[in-house]
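Right, one structure below, let's go through it.
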Amino acid sequence: MKLLFVAQRYGSEVFGGAEAFCREFATRLAARGHEVTVVTSCAISYVDWANHYPPGESVIDGVTVCRLPVSRPRDNELFNPLNVRVNAGYRPTPMYLQRTWMDLQGPHLDSLPSWLASNAGGFDVAVFFTYLYWSTWAGLPVASGMVPTVLHPTAHDEPPLYLALFDSMFRLPHAFGFLTPEEEALVARRFRVRRPSVTTGIGVELDVGVPPASVAAFRSSHGLGDDPYLVFVGRLDPHKGTDELYAFFTAYKASNPGPLKLVLVGQPIQPVAPHPDVVVTGWVDDGVRDAALAGSFALVQPSYFESFSLMLVEAWAHGKPALVQGYCDVLAGQARRSGGGLPYRGYREFEAALDLLVDDPSVAARLGAAGRAYVEANYRWDDVLTRYERFLAATAR
């Protein structure tokens, strides 16, 4: 098939769940013989959408990547207060304010609609990733009139999802791709729209053997010695729950002294206060990330807003137990179905769950083994891609 993917950012240096989802599927489908093109922005950061990559076409891992320049980087002095007004202010929010919010949010690609008008009709299917951004909001209406379209909303229960701005947009795609049953149920409740759909999840590599030397090098480079550590992998962002995690962990250590550390693997969007038991690695490559997971005591996933947690299933592939945010339906659902994680709601449950893992290593081992078995049964890449290919072929027809 000839496939078009539309995403707000794209590249191995881009750190984001939806972006990783798009890149993995694009690369792996190209390797299976499909002709895959991605149209995206020149930005690397969602904070300001500043142009980083050169515009034009290139080939990355067998995928043709067409980058369009961002017309206007985000002006956060204008956007941030409007974002609060639109998502947390009085209701109903006037439509002109919602449209202004979308325009300022970006990434604003003036040339995207015309690019799609000229090119989308030459593909079998056009696939859009993430409902939230201008690239989908402005691009989906153009493409849906020319080619069968799929929207992967990567939706979670957050204020923007309830803006009337998206009511008509969710009626445009010919089919939906979901990451979890919870995401599918959320979209059905919110938009009352019926379309063909598939729930894919994201595949993971099951052969995750990490050389002991790599784990030792990671520990040494971050001064961890032989200390056990919890690990978080992802964007260090208050919206991802990392501020709360920091507060919970430091409170735990104040009343539970010992060698346990917290390792935050990812790029902070704001400085993290120094603490002797908290390590911040900054951005790392995949090999270092895998070493961090392999050497960990357990993964912690504190986000309130997830449509799927790739890091959660990757930790389970390593046989690691997990502590997950119980107020997030998706994370709680993944933990419940797998038997590989302990959901917590608030500090006291966080403390109790962590005490259970620390005090009884056999519990941690059973959770890790259950998570690994769940991943083997549901997230083998060949199975995920075969299911997805059938779905795309049916959508194209």
Side-chain angles (χ1 to χ4, degrees), residues 6-9 16 18 39-41 43 45-49 68-117 120 126-178 183-195 197 237-239 304-307:
V6 183
Q8 63 275 11
R9 298 182 294 164
V39 61
T40 187
S41 73
S45 170
Y46 79 100
V47 175
D48 57 10
W49 300 116
L68 306 178
V70 177
S71 312
R72 298 191 304 274
R74 181 190 288 170
D75 184 339
N76 283 299
E77 289 188 2
L78 291 176
F79 175 73
N80 289 343
L82 181 61
N83 190 41
V84 173
R85 166 68 179 86
V86 167
N87 289 298
Y90 294 110
R91 293 289 190 271
T93 303
M95 185 56 70
Y96 81 91
L97 277 183
Q98 295 184 44
R99 290 178 178 273
T100 302
W101 170 83
M102 176 58 76
D103 194 50
L104 290 175
Q105 177 176 234
H108 202 285
L109 309 173
D110 280 346
S111 55
L112 177 62
S114 60
W115 190 98
L116 290 170
V127 184
F128 286 77
F129 288 83
T130 305
Y131 82 94
L132 186 63
Y133 294 113
W134 191 93
S135 48
T136 295
W137 182 77
L140 192 54
V142 178
S144 288
M146 306 178 64
V147 63
T149 52
V150 173
L151 173 61
H152 288 281
T154 63
H156 36 265
D157 199 351
E158 61 180 351
L161 188 69
Y162 296 92
L163 293 176
L165 180 79
F166 295 114
D167 287 354
S168 59
M169 192 191 84
F170 268 78
R171 285 165 172 76
L172 291 172
H174 299 91
F176 287 110
F178 298 112
E183 184 194 5
E184 181 177 13
L186 172 64
V187 169
R189 287 196 307 272
R190 165 62 182 91
F191 294 102
R192 307 293 182 184
V193 60
R194 292 181 180 273
R195 294 287 187 276
S197 66
D237 184 335
H239 296 293
Y304 284 78
F305 305 118
E306 293 293 319
S307 54

Report the C-alpha distance between Tyr133 and Arg9 in whole Å, list the side-chain angles of each, state the deciding distance to 0.1 Å, and finish with yes or no for side chain to side chain contact (heavy atoms under 4.5 Å, CB included).
CA-CA 11 Å; Tyr133 294 113; Arg9 298 182 294 164; over 6 Å; no

Does [X] reach the main-chain N or O of [Y] with its side chain, forming a donor-acceptor pair under 3.5 Å?
X      : Y      : answer
Thr136 : Tyr131 : no
Ser41  : Pro107 : no
Thr130 : Leu132 : no

I need the [X] [atom1] to [Y] [atom2] distance, nearest 0.5 Å.
X      : Y      : atom1 : atom2 : answer
Leu163 : Leu97  : CG    : CG    : 10.5 Å
Thr154 : Glu183 : OG1   : CD    : 6.5 Å
Ser135 : Phe129 : OG    : CZ    : 11.5 Å
Asn76  : Leu82  : CG    : CG    : 11.5 Å
Phe176 : Arg195 : CZ    : CZ    : 6.5 Å
Arg171 : Ser144 : CZ    : OG    : 13.5 Å

All side-chain contact (heavy atoms from CB on, under 4.5 Å) counterparts of Ala175, not counting sequence neighbours
Val150, Pro196, Phe391, Thr395

Taking the six-membered ring for Trp, is the centroid-to-centroid distance between Phe79 and Trp49 below 6.0 Å?
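Centroid separation for Phe79 and Trp49: 6.0 Å or greater.
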
State which residue, out of Asp103, Leu109, Leu104, fulfils the side-chain contact (heavy atoms from CB on, under 4.5 Å) condition with Arg72.
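Option passing the side-chain contact (heavy atoms from CB on, under 4.5 Å) with Arg72: Asp103.
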
If only side-chain N and O atoms count, and only distance matters, is there a donor-acceptor pair under 3.5 Å linking His156 with Ser307?
no

Closest contact, heavy atoms only, [X] versus [Y]:
X      : Y      : answer
Pro69  : Ser111 : CD-OG, 4.5 Å
Ala43  : Val70  : CB-CG2, 4.2 Å
Pro160 : Trp101 : CB-CH2, 4.0 Å
Ser197 : Glu184 : OG-OE2, 3.4 Å
Leu112 : Gly139 : CD2-CA, 4.4 Å
Met169 : Leu151 : CE-CD2, 4.4 Å

Kindly indicate whether the side chain of [X], heavy atoms from C-beta on, has any atom under 4.5 Å from the side chain of [Y].
X      : Y      : result
Gln105 : Asn83  : no
Leu68  : Val39  : yes
Asp237 : Tyr46  : yes
Arg85  : Thr93  : yes
Leu140 : Thr149 : yes

Please test Leu161 against Leu186 for side chain to side chain contact (heavy atoms under 4.5 Å, CB included), starting from the C-alpha separation and ending with a verdict.
CA-CA 10 Å; Leu161 188 69; Leu186 172 64; 3.7 Å; yes

Assess the residue pair Leu116 and Met146 against the criterion (side chain to side chain contact (heavy atoms under 4.5 Å, CB included)); give the C-alpha distance rounded to whole Å, side-chain angles, the decisive distance to 0.1 Å, and a yes or no.
CA-CA 9 Å; Leu116 290 170; Met146 306 178 64; 5.6 Å; no

Using side chain to side chain contact (heavy atoms under 4.5 Å, CB included), reason through Trp137 and Leu165 one step at a time and then give a plain yes or no.
CA-CA 9 Å; Trp137 182 77; Leu165 180 79; 3.6 Å; yes

Can you tell me how the ring of Phe191 sits relative to the ring of Phe170, calling it parallel under 30°, perpendicular over 60° and tilted otherwise?
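Parallel: the ring planes of Phe191 and Phe170 meet at under 30°.
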
